[in-house]
Structures are given as structure tokens and as C-alpha cells.
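Please read the structure below before turning to the comments.
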Amino acid sequence: MGRTRETASIGIIGMGDMGKMYAQRLSDAGWRPENFASLQEEFASRPLVTVFPNGHLVSRISDFILYSVEAGVIDRVVAQYGPSTKQGAIVGGQTSCKAPELAAFEKHLPSDVEIVSCHSLHGPKVNPKGQPLVSISLPCSYTACVDGDIDTKPQVLIKHRASDEALNFVNEILSSFGSQHVYLTGEMHDRITADTQAVTHAAFLSMGSAWQANRQFPWEISRWVGGIENVKINITLRIYSNKWHVYAGLAILNPSAKAQIRQYADSVTDLYKLMIGGQREELKRRVKAAGASVFKDGTEAQDLLLSDEVLDRFSLSNHTREKSPPNSHLSLLAIVDCWSQLGIVPYDHMICSTPLFRLWLGVTEYLFRNPDLLEEALDTAIDDNTFRSDDLEFTFAARAWSDCVSFGDFESYRDRFERIAQYFAPQFPEAAKLGDEMMKTILEKTEQKP
Ligand SMILES: NC(=O)C1=CN([C@@H]2O[C@H](COP(=O)(O)OP(=O)(O)OC[C@H]3O[C@@H](n4cnc5c(N)ncnc54)[C@H](OP(=O)(O)O)[C@@H]3O)[C@@H](O)[C@H]2O)C=CC1
Ligand SMILES: O=C(O)C(=O)Cc1ccc(O)cc1
């Protein structure tokens, strides 16, 4: 072994958004990268990075190889380059779902190769400092543990088929990101990210579908202005401005995600039926019971993750408002019902939380820990017809996204995603500016929480 920082080289296969972010961060930290043509130009000012024309040339000389390709092609790409892996090297992947990635490594890598995988729990434009980074290695001789303060921001490492020396080596390489390292098995990683990522995305994807189906741009409509609505709009646009395959891969390929997303669609449908049936008492009983199981007694005294002052600052709208107009908040009532039905306590997942998940939890908490606001939402859901058609389309959308994930059909996922992305595209530049600012401010605020 004897791998050292001075002599080892790191290979990245897949120079998309995440691959480039890794190459930039590692070269900043003194690790040397290599690559090709436009990449050669792009990385010309970084003498420590070399760009190669294909993954064979990267694999045969690198001591640590990171696959940063679309989850849907991981088997094909590892089958292609895996056999060229340098003897005794360590291989990992950055895909958002570990079952297919680890299966591809086991199937195609030579037996002398060690496997330590990882997952940065944030997008390429978020500063990795303090964010979670999951690490996965095998055999799974350890239980989940975290380096440092788990309540700030982690990074996941998965030790799958590796010595402690290999894990330490990968840790050293990735330590330059300043992320919080979390150690998990591949299975635990997929189970948790199904709860934190796949269901969260399903909710925001459904909001976008509903607005598009009703031909609305929500920031132009007064009932969508302010507070919680700002987060709903900014996050939805952020997701639709990203690449479809990131969301398709982590939902379709994760063995745990289908059931979670199905439960979300079922919760939306059940609650919507109670709303249109005028079943006020049953609606209130069910939602409050769900709220009690997720937001347990004793948490009332804790500070909210998000405050009015922060929520109000990030509006895409030109309208001003005195007070948020009432909203039935079906998407938020349903996520709490979904968590409750599945026995999920979202706070237990903070060790593996993405920025979006923290925001999503922040807005649900904002609603459920304000009894007057929750009561107002439930009464609005029964008495006020204004939201009926929004909620109808939202219900259709949640079921359609769930079907799409259950069928495992990448092409129809792509088609749905890109059609809606195109509708919102003119607003992406402004939403990105505001969204980045919102993310930064809210991450700073939530970081200070105990
Ligand atoms: N974007 C995000 O927010 C996050 C993404 N991830 C995960 O990271 C991975 C990469 O995502 P991201 O960077 O965003 O996606 P990109 O689409 O930007 O990058 C994927 C890259 O893989 C390359 N690639 C595909 N096949 C091969 C091959 N045979 N040889 C060499 N390169 C290949 C693609 O090249 P080409 O375009 O030329 O085909 C592309 O540049 C995904 O699995 C994703 O789930 C993880 C955390 C966050
Ligand atoms: O925060 C989110 O959920 C995002 O949308 C960004 C993202 C996407 C994929 C990942 O594997 C990790 C983070």
C-alpha cells in the first residue's frame, strides 16, 4: 500500500458539474488532476490537473478513481473502464444512489481493488464546507458514525470493500472540502436519501407540474406571494433548472424510493378527498395526529429553523403584502402525513440532510408549530374554493410522478421534467440569483442551530 499524498494520483471519470467541482476543489488543495480538449482549456490554469481522452487512461494510473457519471449509466461505464483499474487502487463513485453503483463495482472491478464510495449531499454550486459527505466502504465492519458536529453539514463516505488504510486515505483526500464526514453502508445511505431527497423532490416536482397545468406563474399571483410561498417557488425553480437525470436516477434506481413517493401521493390524495368532501373534523384529526407524531412534545421551546424575516426576504414577486394570504398548504400537510404513516422522524435524518431537505423541513415546521396558522390552513382547505383547482392539479401531479418513478421509465421522466422546465425557463436566471442568496442565508441561519 503506502499511498501518500505526495505520490498518489486521483482520477475522476465524468467531468460534469460534480466532477469539475471535485477537480477544482482537489487541485486547490494541491491534488493534481488530468483531462482533455475543452477540459484541457478549462483547466489550463491549474497545472496540477491533467485531462485524459478516456477513462482507461485515467484508471490505469490513478490510486483513487471517482466515477462521477449519471446514475443510469454507472453499470455501463464501470464495465467499460473498471477492468483497466490500477492494481491495488481504491475506487469510489459520486452517484446519488448507491445500490446500482456498488453492484457495478462488485461486478466489474478486479478483486484486488478496494471500494470506498462517497456522496456529497449538496449541488455543485453550494460551498462544500460544513455540508454532509457520506462515505461507504465494505465489508461493513462499522456502524454509522459522524466526524464532528452532525448538526451542521455532513458528507457521506461508504466503505464497501476496503481496509481502514484505504478509508483513511480517501478521508484525507476529501478532507480538503471541509465537509462533515458521515460513515454509512450503501443500504443505509439509500434508505435515508429516499426519505430526505426522493420524497422532497417529488413534492416540488409536483408543485411545478400543477402550476404549469394551470398555466400559472405563481410569483405573479397574490395568493402565492410571501413567506412559505417564496421557498416553494424558489426551490421548485431550482430543481427544474438542474439536470433531469440527477432526480430521475436517485428516485428510479433507489430501491426504497418508490414506496416513499407512493405514500406521499397517497397522503396527498387522502387529504384532498377530505377537503373536497368537507370533512373538517376528520381532516383536522388526521393532520394534527400526524403533526403530533412528527413534531413531538417538548420541541415547542426550540427555535424554528426558519423565521418570518428570512422567509419574506426572497420573493420573485413585485407585489408587496401585509400578511400571507391563507393557503390550504396541501403539499405540506401531506408530507407530514406521509412521514407519520411511514414512521419517519425527519429530524433523525439531519446527519444526511441536503440543503433542500432542511428548507423543506423548515417550512413544514413553520406551519405545524404555529397552531393558529395550521388551523387557518385546515379551515381554508374546507371553506375556501380558491385553492381547489390548484390542489386538484397538485394531486394529479403527485400521483403522476409516483407512477412515473414506479414504472422506472427514464424517458417519460425526462419528457415530463423537460416540458415543465421549458415552461419556467425564462425565470431561471432571476430565480437562480435569488435562490442562491436564499440558500446561503438560510444555511447560515440553520447552521447556528444546536
Ligand atoms: N448535480 C447535483 O446536484 C449532484 C449530482 N450528484 C450525482 O453526481 C453524478 C454526476 O452528476 P452531475 O455532475 O450533476 O451530472 P453531469 O450530467 O453534469 O455529469 C455527468 C458526466 O458524466 C460524463 N460521462 C457519462 N458517460 C461517460 C463515459 N463513458 N466516460 C466519461 N464520462 C462520461 C458525462 O459526459 P457527457 O456529457 O459527455 O456524456 C457528463 O460530463 C450523478 O450520478 C449525480 O446523481 C451528486 C450530488 C449532487
Ligand atoms: O439538495 C438537493 O436535494 C438537491 O437537489 C441537490 C442534490 C442533488 C443530488 C444529490 O445527490 C445531492 C444534492
Side-chain angles (χ1 to χ4, degrees), residues 11-24 35-39 42 51-59 65-82 84 92-101 104 108 117-126 128 131-134 153-156 177 179 189-190 192-205 231 234-254 257 349 352-361 410 414 417 435-436 438-439 442-443:
I12 298 173
I13 297 180
M15 287 294 275
D17 294 340
M18 290 304 281
K20 282 182 196 167
M21 189 272 271
Y22 265 59
Q24 282 153 1
N35 204 342
F36 215 62
S38 66
L39 281 173
E42 191 173 343
V51 180
F52 287 106
N54 65 57
H56 294 293
L57 300 176
V58 170
S59 291
I65 298 130
L66 188 74
Y67 285 82
S68 185
V69 301
E70 298 90 320
V73 303
I74 187 78
D75 185 78
R76 183 167 56 74
V77 179
V78 179
Q80 198 178 359
Y81 304 131
S84 303
Q94 170 59 217
T95 68
S96 310
C97 174
K98 294 302 169 189
E101 180 188 291
H108 303 297
S117 209
C118 66
H119 184 192
S120 289
L121 293 176
H122 56 84
K125 295 197 192 109
V126 170
Q131 296 293 338
L133 188 152
V134 178
K153 299 165 199 159
Q155 187 177 21
V156 179
F177 289 31
S179 297
H189 167 276
D190 287 352
I192 295 175
T193 54
D195 296 348
T196 53
Q197 290 199 272
V199 183
T200 304
H201 299 151
F204 289 106
L205 290 167
V231 175
N234 287 335
I235 299 291
T236 299
L237 265 61
R238 194 175 181 87
I239 287 176
Y240 278 107
S241 63
N242 202 347
K243 292 183 181 121
W244 69 275
H245 71 74
V246 173
Y247 303 103
L250 67 84
I252 291 175
L253 299 172
N254 186 329
H349 291 331
C352 275
S353 62
T354 63
L356 292 199
F357 177 73
R358 267 171 273 157
L359 281 173
W360 183 224
L361 179 58
F410 275 89
R414 178 181 196 158
F417 187 101
D436 288 348
M438 180 180 83
M439 209 62 116
I442 291 175
L443 290 181

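Whatever order the structure lists ligands and atoms in, that order sets their numbers, starting from 1.
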Legend entry - Identity and separation of the nearest protein heavy atom to atom 44 (C) of ligand 1: Ser96 OG, 3.7 Å
Inset, instruction - Distance to 0.1 Å, residue and atom name: give those for the protein heavy atom nearest to atom 6 (C) of ligand 2. - result: Gly123 N, 3.9 Å
Inset, instruction - May I ask you to check whether Tyr240 and Phe204 place their ring centers less than 6.0 Å from one another? - result: no
Inset, instruction - Hey, can you tell me if Tyr247 and Phe417 have their rings parallel, tilted or perpendicular (30° and 60° cut-offs)? - result: parallel
Inset, instruction - Would you mind checking which non-hydrogen protein atom is closest to atom 5 (O) of ligand 2, with the distance to 0.1 Å? - result: Tyr247 OH, 3.1 Å
Legend entry - Subset of ligand 1 atoms that lie under 4.0 Å from at least one heavy atom of Thr95: 43 (O)
Legend entry - ligand 2 contacted by Phe357 (non-hydrogen, < 4.0 Å): no
Inset, instruction - Could you list which atoms of ligand 2 come closer than 4.0 Å to a heavy atom of His201? - result: 2 (C), 3 (O), 4 (C), 5 (O)
Inset, instruction - Go through the side-chain N and O atoms of Tyr67 and Glu101 and say whether any donor and acceptor fall under 3.5 Å apart. - result: no
Inset, instruction - Could you tell me if any non-hydrogen atom of Pro124 lies under 4.0 Å from any atom of ligand 1? - result: yes
Inset, instruction - Answer yes or no: does an N/O atom from Lys243 fall short of 3.5 Å to an N/O atom of ligand 1? - result: yes
Inset, instruction - State if His122 counts as touching ligand 1 under the rule of any non-hydrogen atom under 4.0 Å. - result: yes
Legend entry - Test item, Gly249 contacting ligand 1 (heavy atom, 4.0 angstrom): no
Inset, instruction - Compute the minimum heavy-atom distance from Ile74 to ligand 1 and say whether it is under 4.0 Å. - result: no
Inset, instruction - Considering heavy atoms of the protein only, find what lies nearest to atom 12 (C) of ligand 2 and give residue, atom and distance to 0.1 Å. - result: Gln197 NE2, 3.2 Å
Legend entry - Check: Ser96/Gln197 side-chain N/O donor and acceptor closer than 3.5 Å: no
